[in-house]
Amino acid sequence: MWIPYDIRAALKAESSRDSIRLSRADGRVREFLVGFYLRNPVTQLWELDLLVPGDTPLAGPDPAGMRISLHGNEGGKLAEILCRLDAGSAEAALDCAHAAIERRIMRYLVETGRGTAIAGWRIADMSHGARWRCTPFRPSAMQLDFAALAPIEPDLAPIVGLFQRARNAPDAASRLLAGFAVLHAAATGHAALEHSGAKGLRISEEMLIHSGAINAPEDLLGLDLAELIAVLRPHHDRLFAPGGVLAPLADDLPAQKHLSQLANLADLVAHRLIVAEVRARTLAARSAPAAAGGVEV
């Protein structure tokens with residue numbers, strides 16, 4: 001079952017409806033607490049290979065009034081960064097804090113040469129007791145009939161390899177590049193996707209909800225594959241600078257959220273096309289012996 005790996009565009013309420021409603025309705029500037037969970041992209045553990053001597057307050061060139069502190073886990077490794085700041089909404093507090101923290105962990109990356117990533121965040125409105133969280137979904141393990149699953153056929157393996165890169169990538173940009181490549185192959189008639197149903201594909205409401213792209217600013221519902229590629233194309237192409245090299249971008253959090261929505265959708269559609277191709281081939285293989293048995297010699 002395909003699941004979205006990047007849900008930065010969604011905030012899950014973790015307090016009462018009344019507290020959330022009061023916070024949403026309050027336009028005053030007030031205190032928020034924003035906590036960022038950190039992840040080691042190699043081990044996938046929610047910690048960085050950086051030792052923190054207890055709870056460590058920081059000073060530095062951050063927005064006026066923002067107070068930042070580092071917090072370690074039981075093993076003493078940096079696991080969360082907390083920001084206290086004044087803002088007019090939970091989203092405004094998150095955007096401001098994220099911009100400051102992202103640049104700080106980039107400095108840690110440069111200083112150590114080790115991978116760093118933000119795994120998710122939590123937000124609290126200190127005036128109303130409203131709380132939100134955005135953390136990756138951890139699905140339960142699935143059961144497969146391993147004996148019944150044949151290997152991917154050689155001609156389809158390179159296409160599945162692209163999808164594998166999309167699924168394994170830790171960032172939205174890489175997932176968009178890999179997923180887009182699968183969509184482009186299907187739309188341009190790649191022989192390995194001949195039976196994928198690419199010509200009849202339409203973007204459904206279920207696809208948009210499942211990928212988290214239901215709130216994307218583009219009108220995506222009902223698009224066929226060529227139209228979807230046309231929408232994704234400028235977002236794909238801006239990732240490259242002249243000469244075909246990756247562009248050094250400085251997207252803020254809202255832009256990153258938007259890219260994650262489109263990457264999720266490209267990833268999901270790529271999976272639907274590949275699954276349709278595999279199922280069509282499986283059905284054809286099962287039908288072939290029966291057809292051969294009915295031929296008169």
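Computed from heavy atoms alone, side chains included, the values below leave out hydrogens, waters and symmetry copies.
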Exercise. Between Leu33 and Met126, is any pair of side-chain heavy atoms under 4.5 Å apart?
Worked result: yes
Exercise. Do the non-hydrogen side-chain atoms of Tyr37 and Thr135 ever get within less than 4.5 Å of each other?
Worked result: yes
For this session: Find the distance between SG (Cys83) and CD1 (Ile68) and round it off to the nearest 0.5 Å.
Result: 4.5 Å
Exercise. Should Asp95 and Asp252 count as side-chain neighbours, where that means a heavy-atom distance under 4.5 Å?
Worked result: no
Exercise. When clusters are formed from ILVMFWY side-chain contacts under 4.5 Å, directly or step by step, what else is grouped with Val29?
Worked result: none
For this session: Using a 4.5 Å cut-off on heavy atoms from C-beta on, say whether the side chain of Glu205 contacts that of Leu221.
Result: yes
Problem set entry | Positive for side-chain hydrogen bond (donor to acceptor under 3.5 Å, both in side chains) with Asp125, one of Arg131, Arg24, Arg30 | Arg30
Problem set entry | Distance in Å, Leu177 CG paired with Leu232 CG, rounded so as to fall on 0.5 Å steps | 11.0 Å
Problem set entry | Smallest separation among heavy atoms of Ala178 and Ala166, with atom names | CB-N, 3.6 Å
Exercise. Same cluster or not: are Leu11 and Leu85 linked, directly or through other Ile, Leu, Val, Met, Phe, Trp or Tyr residues, by side-chain heavy atoms under 4.5 angstrom apart?
Worked result: yes
For this session: Identify the heavy atoms of Ser260 and Ala172 that sit nearest to each other, and give their distance.
Result: CA-CB, 3.7 Å
Exercise. Around atom CZ of Arg114, are there more than 12 heavy atoms of other residues, nucleotides or ligands at under 6.0 Å?
Worked result: no
Exercise. With the threshold set at 4.0 Å, does a side-chain nitrogen-carboxylate oxygen contact exist between Glu80 and Arg122?
Worked result: yes
Exercise. Closest approach of Ser19 and Ser15, non-hydrogen atoms and distance?
Worked result: OG-OG, 2.9 Å
For this session: List the steps, then state whether side-chain contact (heavy atoms from CB on, under 4.5 Å) holds for Leu38 with Thr116.
Result: CA-CA 7 Å; Leu38 304 175; Thr116 63; over 6 Å; no
Exercise. Does a donor on one side chain sit under 3.5 Å from an acceptor on the other, for Ser23 and Asp26?
Worked result: no
For this session: Would you kindly confirm whether Val269 and Ile209 end up in one hydrophobic cluster when ILVMFWY residues are joined by side chain heavy atoms under 4.5 Å apart?
Result: yes
Problem set entry | Ser211 side-chain N/O to Met207 backbone N/O, donor-acceptor pair under 3.5 Å | yes
Problem set entry | Whether Ser174 side chain and Asp171 backbone form a donor-acceptor pair below 3.5 Å | no
For this session: Specify the closest pair of heavy atoms between Leu176 and Ala266, including all atoms of both residues, with the distance to one decimal.
Result: CD1-CB, 4.1 Å
Exercise. Within a strict 4.5 Å, meaning less than it, do heavy atoms of the Ile152 and Val278 side chains meet?
Worked result: yes
Problem set entry | Asn264 and Arg175: CA distance, side-chain angles, deciding distance, side chain to side chain donor-acceptor pair (under 3.5 Å) verdict | CA-CA 8 Å; Asn264 283 347; Arg175 289 189 302 108; 2.9 Å; yes
Exercise. Are the aromatic rings of His258 and His235 close, with centres under 6.0 Å apart?
Worked result: yes
Exercise. For Ile203, which of Val231, Leu223, Asp224 qualifies under side-chain contact (heavy atoms from CB on, under 4.5 Å)?
Worked result: Leu223
Problem set entry | Pairs touching residues 150-168 that satisfy salt bridge (charged side-chain N to carboxylate O under 4.0 Å, His left out), sequence neighbours left out | Glu153-Arg281, Asp155-Arg281, Arg167-Asp267
For this session: Would you indicate whether the side-chain heavy atoms of His98 and Phe36 approach each other to under 4.5 Å?
Result: yes
Problem set entry | Other ILVMFWY residues reachable from Met106 by side-chain steps of under 4.5 Å | none
Exercise. How many angstroms lie between CG in Leu253 and CD1 in Ile101, if you round to the nearest 0.5 Å?
Worked result: 12.5 Å
For this session: Begin with the C-alpha distance, continue with both residues' side-chain angles, and end with the deciding distance and a verdict on side-chain contact (heavy atoms from CB on, under 4.5 Å) for Phe240 and Val245.
Result: CA-CA 5 Å; Phe240 294 95; Val245 298; over 6 Å; no
For this session: May I ask you to check whether Gln256 and Glu102 show a side-chain donor-acceptor distance below 3.5 Å?
Result: yes
Problem set entry | CG-CG distance between Leu220 and Leu262, expressed to the nearest 0.5 angstrom | 7.0 Å
For this session: For residues Arg84 and Met66, determine if any side-chain heavy atom of one lies less than 4.5 Å from a side-chain heavy atom of the other.
Result: no
Exercise. Going by the angle between their ring planes, with limits at 30° and 60°, are Phe163 and His271 parallel, tilted or perpendicular?
Worked result: parallel
Exercise. Looking only at heavy atoms, which two atoms of Leu48 and Ala117 are closest? And how far apart?
Worked result: CD2-N, 4.4 Å
Exercise. Which atoms form the tightest heavy-atom contact between Gly88 and Phe32, and what is the distance?
Worked result: C-CE1, 4.4 Å
For this session: Take the angle between the ring planes of Phe180 and His184 and call it parallel below 30°, perpendicular above 60°, tilted in between.
Result: parallel
Exercise. Ion pair present between Arg272 and Glu206, side-chain N to carboxylate O less than 4.0 angstrom?
Worked result: yes
Problem set entry | Heavy-atom donor-acceptor pair, His190 side chain to Ala192 backbone, under 3.5 Å | yes
For this session: Could you go through the side-chain contact (heavy atoms from CB on, under 4.5 Å) check for Arg104 and Leu109 one step at a time?
Result: CA-CA 9 Å; Arg104 280 190 177 272; Leu109 179 150; over 6 Å; no
Problem set entry | Transitive ILVMFWY side-chain link Leu268 to Ile214, under 4.5 Å | yes
Exercise. Quick one: CG on Leu208 to CG on Asn215, what's the gap to the nearest 0.5 Å?
Worked result: 9.5 Å
For this session: In sequence, state the C-alpha distance, the side-chain angles, and the governing distance for Val52 and Lys77, and then conclude on side-chain contact (heavy atoms from CB on, under 4.5 Å).
Result: CA-CA 6 Å; Val52 179; Lys77 292 186 177 182; over 6 Å; no
Exercise. Is there side-chain contact between Leu156 and Leu193, with heavy atoms separated by less than 4.5 Å?
Worked result: yes
Exercise. Mind checking whether Trp46 and Leu50 sit in one hydrophobic cluster, side chains of I, L, V, M, F, W, Y counted as touching below 4.5 Å?
Worked result: no
Exercise. Is there a donor-acceptor pair under 3.5 Å between the side chain of Glu277 and the backbone N or O of Ser196?
Worked result: yes
For this session: Say whether Val160 and Leu201 are linked into one hydrophobic cluster, either directly or through other cluster members, by side-chain heavy-atom distances under 4.5 angstrom.
Result: yes
For this session: Nearest 0.5 Å please: distance from the CZ atom of Arg39 over to the CD1 atom of Ile105.
Result: 10.0 Å
For this session: Before accepting this row, confirm whether a basic side-chain N of the pair Arg67/Asp86 lies closer than 4.0 Å to the acidic partner's carboxylate O.
Result: no
Problem set entry | Thr112 (side chain) donor-acceptor with Tyr108 (main chain) under 3.5 angstrom | yes
Exercise. If you draw a 6.0 Å radius around CD in Glu91, do more than 12 non-hydrogen atoms from other residues or ligands fall strictly inside?
Worked result: yes
